[in-house]
Amino acid sequence: MAYINFKEIEEKWQHRWDESKIFDAEAGKEKKFFLTVPYPYTSGPLHIGHGRTYTIGDMIARFKRLQGYNVLFPMAFHVTGTPILAIADSIAKSEKEVVERYKDYVSIYEDAAKVEETVNSFGKAENVADFFAARISEDFKRMGYSIDWRRKFNTTEPVYNKFIEWQFKKLYEKGVINKGKYPITYSREDGSAVGEDDIEEGDTNKVSIIEHTTIKFELSNDTYLIAATLRPETIFGVTNLWIKTDAKYVKVKVGNEIWIVSVEAAEKLGYQREEAEVLEEIKGRFFVGKKVKEPVEGREIPVLPASFVDADVGTGVVYSVPAHAPYDYIALEDLRMTEGLEIAPIKIIDIEGYELPAKEICERMRIESQEDMRLEEATQVIYKVEFYRGVLNEKCREFAGVEIAAIKDEVKNWLKGKNLADVFYETSRKAVTRGGGKVIVAVLQDQWFIDYTPSWWKDLGHKLVEGMTFYPEKYKAYMHDIVDWLALRPCARKRGLGTRFPFEKEWIIESLSDSTIYMALYTIAHLLRQLSVDALDEKFFDYVFLGIGDAEELAKDTNIGVNVLERIKEEFEYWYPNDLRHTAPPHLSNHLVFFLMHHAAIFPESKLPRAITLNELMIREGRKMSKSKGNVIPLAKVSELYGVDLYRLYCAINADFASVVNWREQDVDALRKKFNALVELFEQSIEIDALKENEFTHTDRWLLSKFYRRLKESIERFEAFRIREVGLNMVFNLMNDIKYYEHRESQERRRRIVRNVMEDWLIILSPIIPHVCEEMWHKLHGKPLQGLRGRGAEPHSGADSFISLQPLPEIKEEFIDDRVEREEEYLVSLIEDIKEIMKIARIKPSKIYVYTADADAEKWKWEIFKAIKDLPDKDKIKEAMRLRKDKSTVDFVKQLMKSNLGYFELREEEVLEREKQYLMNEFGCEMVINEEYDPKGKKKFAIPLKPAIYMAG
RNA sequence: GCGGGAGUUACCGAGUGGACAAAGGUGGCAGACUCAAGAUCUGCUCCCGAAGGGGUUCGCAGGUUCGAAUCCUGCCUCCCGCACCA
């Protein structure tokens, strides 16, 4: 095939689109469509997995343009938050791992000589963000995305800060911005909160916050040993306390009480409570043999030593429930062996299949010492079984008879209510920061929240979700659930890049809270550039977005001309709402729900989002892409490694939105062949005349019918976001049709018939593979218009007009012809039957006899076929016999039913006579239709649409 | 655990009551072309069959139905999300 330089084609059209500004969207035209895809986070290069979402967004944008919409598809960059700052800090400190990673990243884009210098500049967060924002926008241009770049911004710009301040003031007015206590993972060394990115192995082994219940065991007046537990309901079965003899404990003054906990716990407590004051230190062994009072009944129980106790987990004091906790049971067994100490377990949970669960599991697993690592597993097993199947027994007073799963929190609250218990937070595992600092849980006393719980807000949220389109549809129900589940969300942090919290300036607005309604800013971002930032105050945005206030007055206050203000407002009014937000499912429970809720709270009904579409992620060769696996392909490499249109086609065809795309080289190669063949097919029809209507034969009409049927289906499916089906239909299936056509006719005629449909075909494919379509389109229009598209008066003006701006092809219904297609199917199935017989009977026929059911003697079969076509199976024979009383009728109807043929009137003999020559060519022998000669009595087996066949060997 | 999703013929992947031994692709086999390889094209690719037929399949076990890959029940296996992190 002719060599095609795809890279050259890509660059040529990207350049032409750019200089012609065809994707710069101007307000005004009647039908508008405003589509957004979340702005990328600029901490590094994007890979082909990210590319899927943007690519699909672009396909939708391009399709909507073909549909005649004035499409706005903007883009911006996300800089807010801690990661970029953390990266800059690490690079400023020359941390090797990070520096190396960023050298890799930068070398995707720059010559080796400049890499070092660029990475050095990354000590400033701003430089990281600017560098990647610039590179990502180049990547996007190279992917052929039809973005209006005039409206871009980033989330740390003053304009954006002003906009976010306005948003928070609106929410504050609604009374949903509040302060409260909140536990976070925290590093003492760094003196700040730490997230997944800051924690060693935090991305693979997440650290979560676990709420322990602490229970007070009175040692003497107002002095308590404080035991921490995850199972407060077991308090009724406590028999003793455990401490570690060689650990250090301290007294802590909490209010009027003295609490005794491990040194480590006391330290954590200091970060979790305001009023904790550490007093003197005591050795663990001091407590051995002392008695404490358990809080529920005031029983005296002993304090005993246990080696399994870890001073750095919980409080370093553990209460013992030997009936239900394997650790406790084994530790007591150890003491019984060594000290002869006998303590009877107190059973408080009834559970089928167990008498004393802890004892039995230990025996079953042959655990014999508290040093046995499998105790953890045994604990898990018992915990799970008791949680779901266990019932508290009569020892548990008013809680008796209730399942653990249902009562756990109630016991906890009951204890808290009686001031016998408190809360202590612990990390789910021991963790350190990447810098080596210990990670603990701290409680912020004055965390700012957005409170999503007010019912007016939830109602608005549900109402919005209900009225929206979701694709895939299943996400609509899911979104309702998320709206219900949403409660409090911290919305500000002390660290990171972003907008200062307007009500307390030392806080920074957190990065998911600042990206909820920014789509509104796109509508006017390019117009704000000419204004002074100071003018963009609350009143300004109130006027533009909500129509509050008066233009004249505002003009005076802000020094902005009235006409400018009005122009800005009109632009917003025209583009908003956001007609479609396209992203990926992981955003549902965070970004998207905030997006919806904040819109619902702030904007009037007419400005609320209309639709959300979501595509699943992309994996590579069956595995998740990640930098640690080293299997990431940067988006920047797509053009050189694969070609942009091929990548786009793969994204479109490999999976529907709801499925994960698997990027497999083998499949890419297969698709490349197909794609090249498609381009070749187009190329071959450029320099050729289309067929004239008066030249059309049956096969031409068949191909046209197939084409327009597929085109019609494809437009409907594209509209419904079923892009995969469009791709399959308009590439794979249609190419098969054309291959078949060529086989039926000739290569030369195929070139001509393809020319007939080529313009329409290119248009429908152009959202998916825009570069080659644009190239072919312009190659065609170097020539005068012809083909079916040029038939009427309409069309396009030639070489200076882009395919990207064409209207969708009109469906030529007159070419969609059931009869023509049925005739061809009839012929295909006859050929299959003949081949089947040839194969099985191992005959190479010298002459083929075909007998149809519309031959005179068999015509009754067609009549009966018609008469019984709509009857249920069980009535068919009866009715047929009523019409024609003969045994052969029964045989015929049975055959007919078995063959499962749909009724369609077709003149079999006529079709076969017409196609006789083709059939003879296919089989290389003579063929006769409905001749008298019938040596094997085959005629009687003819049924409508399925002729009988006899072959002479 | 909670919530969601999935198990289809060597592989990927369509199919949600009859036209289904089940699209399409990949891989495999045979043939054509070629000095050869590649590309391309043709045929085959669950089993049996010397006349278009028959048999057994869609995670497992039951059930509904004239009829089930498709509907119902139970079970098994796998994947994803569960928040303060972009």
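Sequence lines set the chain letters: A, B, ... in the order given, protein chains first and strands last, and positions in each chain run from 1.
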*Asks:* Base, sugar-phosphate, or nothing for A/T80, non-hydrogen atoms under 4.0 angstrom?
*Replies:*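 Sugar-phosphate contact only - A/T80 comes under 4.0 Å of backbone atoms but never of a base.
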*Asks:* Are the side chains of A/I517 and A/F594 in contact, using a 4.5 Å heavy-atom criterion?
*Replies:*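 A/F594 does not reach A/I517 side chain to side chain.
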*Asks:* Go through the structure and list residues passing side chain to side chain donor-acceptor pair (under 3.5 Å) with A/T53, not counting sequence neighbours.
*Replies:*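 So A/T53 forms a side chain to side chain donor-acceptor pair (under 3.5 Å) with A/N615.
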*Asks:* If I take atom CD in residue A/Q895 and atom P in nucleotide B/rG54, what distance separates them, rounded to the nearest angstrom?
*Replies:*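 For the pair A/Q895 CD and B/rG54 P, the rounded distance is 10 Å.
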*Asks:* Take atom CG of A/D737 and atom C1' of B/rG24, then tell me their distance rounded to the nearest Å.
*Replies:*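 So the two atoms are 13 Å apart, to the nearest Å.
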*Asks:* Return the value, rounded to whole Å, for the distance between atom CE of A/M838 and atom P of B/rC44.
*Replies:*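 Answer to the nearest Å: 12 Å.
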*Asks:* If we only count heavy atoms from C-beta on, is the A/I164 to A/F501 side-chain gap below 4.5 Å?
*Replies:*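 Contact flag for A/I164/A/F501 side chains = no.
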*Asks:* Would you list the atom pairs, donor with acceptor, under 3.5 Å between side chains in residues 477-485 of chain A and any protein atom, with sequence neighbours excluded?
*Replies:*
residue	atom	partner	partner atom	Å
A/H480	ND1	A/H462	ND1	2.9
A/H480	NE2	A/E466	OE1	2.8
A/D484	OD1	A/H462	NE2	2.7

*Asks:* Could you point out which residue of A/R717, A/E713, A/R709 forms a side-chain hydrogen bond (donor to acceptor under 3.5 Å, both in side chains) with A/N729?
*Replies:*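 That would be A/E713; it is the only one of A/R717, A/E713, A/R709 passing the side-chain hydrogen bond (donor to acceptor under 3.5 Å, both in side chains) with A/N729.
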*Asks:* Decide yes or no on salt bridge (Lys or Arg N to Asp or Glu O under 4.0 Å) for A/R744 and A/E824, but give the supporting numbers first.
*Replies:* CA-CA 11 Å; A/R744 270 286 253 142; A/E824 202 58 30; 2.8 Å; yes
*Asks:* Side-chain contact, heavy-atom cut-off 4.5 Å: A/V79 with A/I84?
*Replies:*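 The answer is yes, as the side chains (C-beta and beyond) meet within the 4.5 Å cut-off.
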*Asks:* So A/K835, base contact, sugar-phosphate only, or nothing? Heavy-atom distance under 4.0 Å.
*Replies:*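 Contact class for A/K835: none.
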*Asks:* When you compare the protein's N or O atoms with those of nucleotides 46-51 of chain B, which come within less than 3.5 Å of each other, and at what distance?
*Replies:*
residue	atom	partner	partner atom	Å
B/rA50	O4'	A/I840	O	3.0
B/rA51	O2'	A/K938	NZ	3.4
B/rA51	N6	A/M951	O	2.8
B/rA51	N1	A/M951	N	2.9

*Asks:* Give A/H78 one of three labels, base, sugar-phosphate or nothing, depending on what nucleic acid heavy atoms sit under 4.0 Å from its own.
*Replies:*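 Touches sugar-phosphate only.
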*Asks:* Please collect all side chain to side chain donor-acceptor pair (under 3.5 Å) contacts where either partner lies in residues 937-953 of chain A, sequence neighbours excluded, each pair once.
*Replies:*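 Only A/D833-A/K946 qualify under side chain to side chain donor-acceptor pair (under 3.5 Å).
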*Asks:* Under the 3.5 angstrom rule, does the side chain of A/E858 hit a backbone N or O of A/T852 as a donor-acceptor pair?
*Replies:*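 No: the side chain of A/E858 does not pair with the backbone of A/T852.
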*Asks:* Are the aromatic ring centres of A/Y105 and A/Y102 under 6.0 angstrom apart?
*Replies:*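 Yes, the ring of A/Y105 comes within the 6.0 Å limit of the ring of A/Y102, centre to centre.
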*Asks:* For A/Q747 and B/rU40, give me the distance from atom CD to atom P, rounded to whole Å.
*Replies:*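 After rounding, the gap between these two atoms is 15 Å.
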*Asks:* Name the closest nucleotide to the A/R493 side chain, picking from B/rG25, B/rC84, B/rA86.
*Replies:*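 Closest of the options to the side chain of A/R493: B/rA86.
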*Asks:* Measuring only between side-chain heavy atoms, which start at C-beta, is A/M951 closer than 4.5 Å to A/I834?
*Replies:*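 Of all side-chain heavy-atom pairs linking A/I834 with A/M951, at least one is under 4.5 Å.
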*Asks:* Using a cut-off of 4.0 Å between protein heavy atoms and nucleotide atoms, how would you tag nucleotides 13-20 of chain B 5' to 3' with B, S and -?
*Replies:* SS---SS-
*Asks:* Polar-atom pairs under 3.5 Å, protein N or O versus N or O of nucleotides 26-30 of chain B: list them with distances, or write none.
*Replies:*
residue	atom	partner	partner atom	Å
B/rU26	O2'	A/Q666	OE1	2.9
B/rU26	O2'	A/Q666	NE2	3.4

*Asks:* Measure CG/A/N590 against P/B/rC85 and give the value in whole Å, please.
*Replies:*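 It works out to 12 Å between those atoms.
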*Asks:* Is A/P38 touching bases, backbone alone, or none of the nucleic acid, heavy atoms closer than 4.0 Å?
*Replies:*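 Touches nothing.
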*Asks:* What integer distance in Å separates A/Y478:OH from B/rG81:C1'?
*Replies:*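 Those two atoms, OH and C1', are 5 Å apart.
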*Asks:* Please give, in whole Å, the distance from B/rG25 P to A/L678 CG?
*Replies:*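 From A/L678 CG to B/rG25 P: 15 Å.
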*Asks:* Under 4.0 Å, heavy atoms only, any strand: does A/I653 hit a base, just the sugar-phosphate, or nothing?
*Replies:*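 No contact at all - A/I653 keeps every heavy atom at 4.0 Å or more from the nucleic acid.
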*Asks:* Determine the sole option in A/Y54, A/Y518, A/F132 for which the ring pair (Phe, Tyr, Trp, His ring centres under 6.0 Å) test with A/Y39 is passed.
*Replies:*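 So the option named by the test is A/Y518.
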